[in-house]
Amino acid sequence: MPDILARPEPSLIPIVRPRCPTCQGRMVLTRIEPGRSSPDLRTFECSKCELIYKVLAEDQVKID
Ligand SMILES: [Zn+2]
């Protein structure tokens, strides 16, 4: 269950952090590449197994 909506902080951009597809660990947002005519490319890194996971902002994976 995501804990992002539970505590809204103005200084933080609400970004859904996906779970690692390999080890189900919490992934950390390491980089955002802004796109001009395309959605931002967000790079996540798993804190456990260091897997790199890239996702377009418009194309976010929702894991319920
Ligand atoms: Zn992992």
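Just follow the structure's listing: the first ligand is 1, and inside any ligand the first atom is 1. Side-chain atoms are counted along with the backbone in the values below, which use heavy atoms only and exclude waters and symmetry mates.
- By the side-chain contact (heavy atoms from CB on, under 4.5 Å) test, T22 pairs with C20, C49, L51, sequence neighbours left out.
- Ordered by chain and number, C20 SG, C23 SG, C46 SG, C49 SG make up the set of protein N, O or S atoms under 2.8 Å of the Zn ion (ligand 1).
- Under the rule for a side-chain contact (heavy atoms from CB on, under 4.5 Å), the partners of T30 that lie at least two apart in sequence or sit in another chain are T43, E45.
- For L41, the side-chain contact (heavy atoms from CB on, under 4.5 Å) test picks out E33, K54, L56, with sequence neighbours left out.
- Distance alone, capped at 3.5 Å, places no donor-acceptor pair between the D40 side chain and the I32 backbone.
- The closest side-chain heavy-atom distance from Y53 to P18 is below 4.5 Å.
- Taking SG of C46 as the start and CZ of R26 as the end, the distance is 11.0 Å to the nearest 0.5 Å.
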